[in-house]
Amino acid sequence: MYQALYRKWRPLTFADVLSQPQVTTTLQNQIKSGMTAHAYLFTGSRGTGKTTCARILAKAVNCEHPRPDGNPCLECAICKDAEAAVLSDLIEIDAASNNSVEDIRDLRDATVYTPERCKFKVYIIDEVHMLSASAFNALLKIMEEPPAYVKFILATTEIHKVPATIISRCQRYDFRRIRQEDLVTRLCYIAEKEQISLEHEAAELMARLSDGGMRDAISLLDRCAAYGETITAQITAEAAGVAGRDYLMRMLEAVHARNTAEVLAITGDLHDASKDLQRLCEELILMLRDVMLLKATGQTALLHCMADEITGLQALAADTGMDEIMTQLNALQSCRERMGRAVNRRVELEMTLIRLCAGAPAAASAQPAEVQALYDRIAQLESRAVQPAAAPEAAPEITKPIPSPAAEPEPEVDMRQLKLEDFRPVAEWPEILEECGRLNPAVLGTLAGSTAKAYANVMLITAENPFFITMFKDKQNARSLGDAVQNVLGKRYAIRARCSAAAAKPRPVEEMLEKAKNSGIKTTAVT
C-alpha cells in the first residue's frame, strides 16, 4: 500500500529534526542525564516537528538500549512497537475530537494503572488548546502531581488558548518555522531517494510556499510527483494553485491607476468563473504584503510571489507610497473579516475596491486637485439625493443634538452659519456602523440606509427610518453611537441627526395643525 511521503519520511531521531536545535539538544541532554520532566508543552506553527519530537521523546525515555547521545535505538521491541503505533503505554489523544471533560476523566482514571511494558506511560495530547474549560480543569490536578511513571507531552499551534495554570506546570518549548535552506536540502534529499527528478528552483518554490512547514513542503512534493516528469517551478506553481495569477497584478495596477471600471470588470469575470471572492481578497492581501516588503526593504527573500511577478511588484512598490500601501492593506483585511458574515460577498469586495480606487478619503486634503474635486462633486450629488421633492434651495433644518454623555463636545463652529454644502461624506461610515453593531446591536437596524457627513467636530447623520430619532433619545443608545464614532475616527464628535423620510413626507396631522395656526384658527392639543 502506498504511503504518503510526509509519513514515510517523518524523522525517527532527534538528529533528523530540522531547524529546532534549541529543543532537540535540551531534550537529548535530559535523556542522557535521566532528568526528564513529568510534563512538556510543545508550541509552534504547523509542520515544525512538535508531534514528531513528542513521539521521539516517548520512545527515548522507554528505549531498552538508548544511544549515548540521547536518541532511541530504533532496534528494540519498544521502539519498533512505538513506531508501528501498537505500544499500549504510548497513548496519543487528539484534543480536537476528544475535548470533553469525560474524555479527560477517563484519561485521569487510567493513570492509576502502571505501564504494561515500559518504564513510563506517556500521554501525547495533540492540539491541546481545543480542550474545553472543564476539561482543562480536570487535567490540571493530574498534571500537577502525576504518578512517577506518567509523563505528559502537550502540543499546540495556539499557545494563547492554553490556560496559564497548565503552562506553568509544563516545560515549554517553542518550535520555530523551518529555515528555507533546510527545507530545500531536505526536499532534494527525499526526491533523490524516491528517484524523483526535482529542479532546484522548484524545491525553492516549494519551500517558500510551505511557510516554514516541513509537512506542507513534502506534501507538495508528493503532489507534484504525480505529474510523472521532471518537477519544474511551473509544475509546482500549478500544483499549488498559484499559477496563472496575472489577474491579481492587473487588479492592483487598476487600483493604482484609479481605474474603477477595470478592477470591477476583472472581479466580475472571476466571479462568473466561480472564483471564491473571499479567497481572492486573501490573495490580494498577500500580494500587497509583497509590495509592502519591497517598499520597506527592497529585498525579495521574504516574498511569496512567483519569480515572474517580482518585476511588476517592484514597479508598484516604487510608484506607491507606504501610507497608501498600508491603507489598502487595512481596507482589504477589514473587508476579509466582513465577508465572512456578509449577505453578499461580491458586494462587500466591490465596495472596498471602489473605495481603494477613490484613494484614501481620510487624507482628502492632501489629494491632488482633481481628486478633491471628485469628492466635492460626490458630496453635491448626495446632498441633492436626500432633499425632498418640494424642498426649498436652503439647507434643510438640522434637528437638535442627539442626547449623549456629558463628555460629548460642543460644536467648534456656529451651527447657525453652517450649510449642508459645508459637510463632507464620512467615508468610514460603514466601519462606524459595524462598530456600533458590535457595541449595541439592538439599535443598528434603525441606521439601515443611513449616511453621515462631517465638518470640523460636527457630524450630521441622515437616516431613512423615522424610529431613528426616538431610539437615540435614550442616553445609552447615544453613548453607543458616540463611542463607535470615536473608536473608528479617533475623536469625539458633536452629533446632529435628521430623518430623510420625515423631511420628504410630513405627517398629515401636523400639516393640518400648521395650516390652522397660519389661518388664525385656535387649536387645542389632545394627549
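The figures here come from the full heavy-atom set of this structure, side chains too, leaving out hydrogens, waters and symmetry mates.
The distance from the CG atom of N330 to the CD atom of E431 is 10.5 Å, given to the nearest 0.5 Å. Summarising the geometry, atom CE belonging to M214 is positioned 4.5 Å from atom CG belonging to L18; distances are rounded to the nearest 0.5 Å. Atom CG of D89 sits about 13.5 Å away from atom NZ of K151, to the nearest 0.5 Å. Within the model, atoms CG of L107 and OH of Y123 stand 5.0 Å from one another, a figure rounded to the nearest 0.5 Å. Here the straight-line distance linking atom NE2 of H256 with atom CD1 of I325 works out to 9.5 Å at 0.5 Å rounding. With values rounded to the nearest 0.5 angstrom, T36 atom OG1 is found 9.0 Å from Q171 atom CD.
For R279 and E282, the salt-bridge test passes: some basic side-chain N is under 4.0 Å from an acidic carboxylate O. Checked for salt-bridge contact, D174 and R172 meet the test: a charged N lies under 4.0 Å from a carboxylate O. Electrostatic pairing of R250 and D246 counts as a salt bridge here, judged by a charged N lying under 4.0 Å from a carboxylate O.
Judged purely by atom type and a 3.5 angstrom limit, K295 uses its side chain to pair as donor or acceptor with the backbone of T320. Here the side chain of Y149 pairs a donor or acceptor atom with the backbone of T111 at under 3.5 angstrom. Under the 3.5 Å distance criterion, the side-chain polar atoms of D290 are left unmatched by any main-chain donor or acceptor of L303. A donor-acceptor pair under 3.5 Å is absent between the side-chain atoms of R345 and the main chain of L277, judged by distance alone. A distance-only check finds a donor-acceptor pair linking the side chain of Q28 to the backbone of D69 [under 3.5 Å]. With hydrogens and angles ignored, the 3.5 Å screen pairs no side-chain donor or acceptor of H38 with any backbone N or O of A148. Judged purely by atom type and a 3.5 angstrom limit, K50 has no side-chain atom pairing as donor or acceptor with the backbone of F175.
Judged purely by distance below 3.5 Å, without hydrogens or angles, the side chains of Q20 and Q22 pair a donor atom with an acceptor atom. Between the side chains of D103 and S100, a donor-acceptor pair is found at a separation under 3.5 Å. No donor-acceptor contact under 3.5 angstrom links the side chains of D222 and S219, judged on distance only.
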Evaluation steps, side-chain contact (heavy atoms from CB on, under 4.5 Å), between T230 and E199:
CA-CA 7 Å; T230 299; E199 292 185 355; 3.9 Å; yes

Let me see the working for E283 and M287 under side-chain contact (heavy atoms from CB on, under 4.5 Å), right down to the final yes or no.
CA-CA 6 Å; E283 291 175 344; M287 185 162 276; over 6 Å; no

Please evaluate residues N62 and L90 with respect to the criterion side-chain contact (heavy atoms from CB on, under 4.5 Å), reporting the C-alpha separation (whole Å), side-chain torsions for both, the decisive distance (0.1 Å), and the verdict.
CA-CA 10 Å; N62 287 313; L90 174 56; over 6 Å; no

side-chain contact (heavy atoms from CB on, under 4.5 Å) between I31 and L57, intermediate numbers included
CA-CA 8 Å; I31 294 168; L57 176 59; 3.8 Å; yes

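Annotation: side chain of E75 is not in contact with side chain of C79 (no heavy-atom distance under 4.5 Å). Here the side chains of E194 and L221 are not in contact, with every heavy-atom distance at 4.5 Å or above. Proximity of R492 to D483: side-chain heavy atoms (C-beta onward) are separated by under 4.5 Å at one or more points. In this structure the side chain of L356 reaches within 4.5 angstrom of the side chain of L332, judged on heavy atoms. Using a 4.5 Å heavy-atom threshold, the side chains of L286 and L248 count as separate. Between E201 and T236, every side-chain heavy-atom pair lies at or beyond the 4.5 Å cut-off. Taking 4.5 Å as the limit, every side-chain heavy atom of S334 sits out of range of all side-chain heavy atoms of T352. Under the 4.5 Å side-chain criterion, counting only non-hydrogen atoms from C-beta, Y173 is in contact with L27.
Only one option out of T24, I178, T48 pairs with S19 in a side-chain contact (heavy atoms from CB on, under 4.5 Å); it is I178. With respect to D216, the salt bridge (charged side-chain N to carboxylate O under 4.0 Å, His left out) criterion is satisfied by exactly one of R208, R177, R46: R46. Of the residues listed (R341, R338, R336), the one engaging E348 in a salt bridge (charged side-chain N to carboxylate O under 4.0 Å, His left out) is R338, and it is the only one.
The minimum heavy-atom distance linking S480 with L439 is given by the pair O-CD1, 3.8 Å. The heavy-atom pair separating N99 from L131 by the smallest distance is CA-CD2, 3.7 Å. Nearest heavy-atom pair, T157 versus S45, reported as atom, atom and distance to 0.1 Å: CG2-C, 4.3 Å. The two residues L447 and C436 come nearest to each other via the heavy atoms CD1-SG, 4.3 Å. Between R169 and A39 the shortest heavy-atom distance is O-CB, 3.6 Å. Listed here is the closest heavy atom pair of L198 and A202: CD1-CB, 3.8 Å.
Remark: K193 NZ is loosely packed, at most 12 non-hydrogen atoms of other residues, nucleotides or ligands lying under 6.0 Å away.
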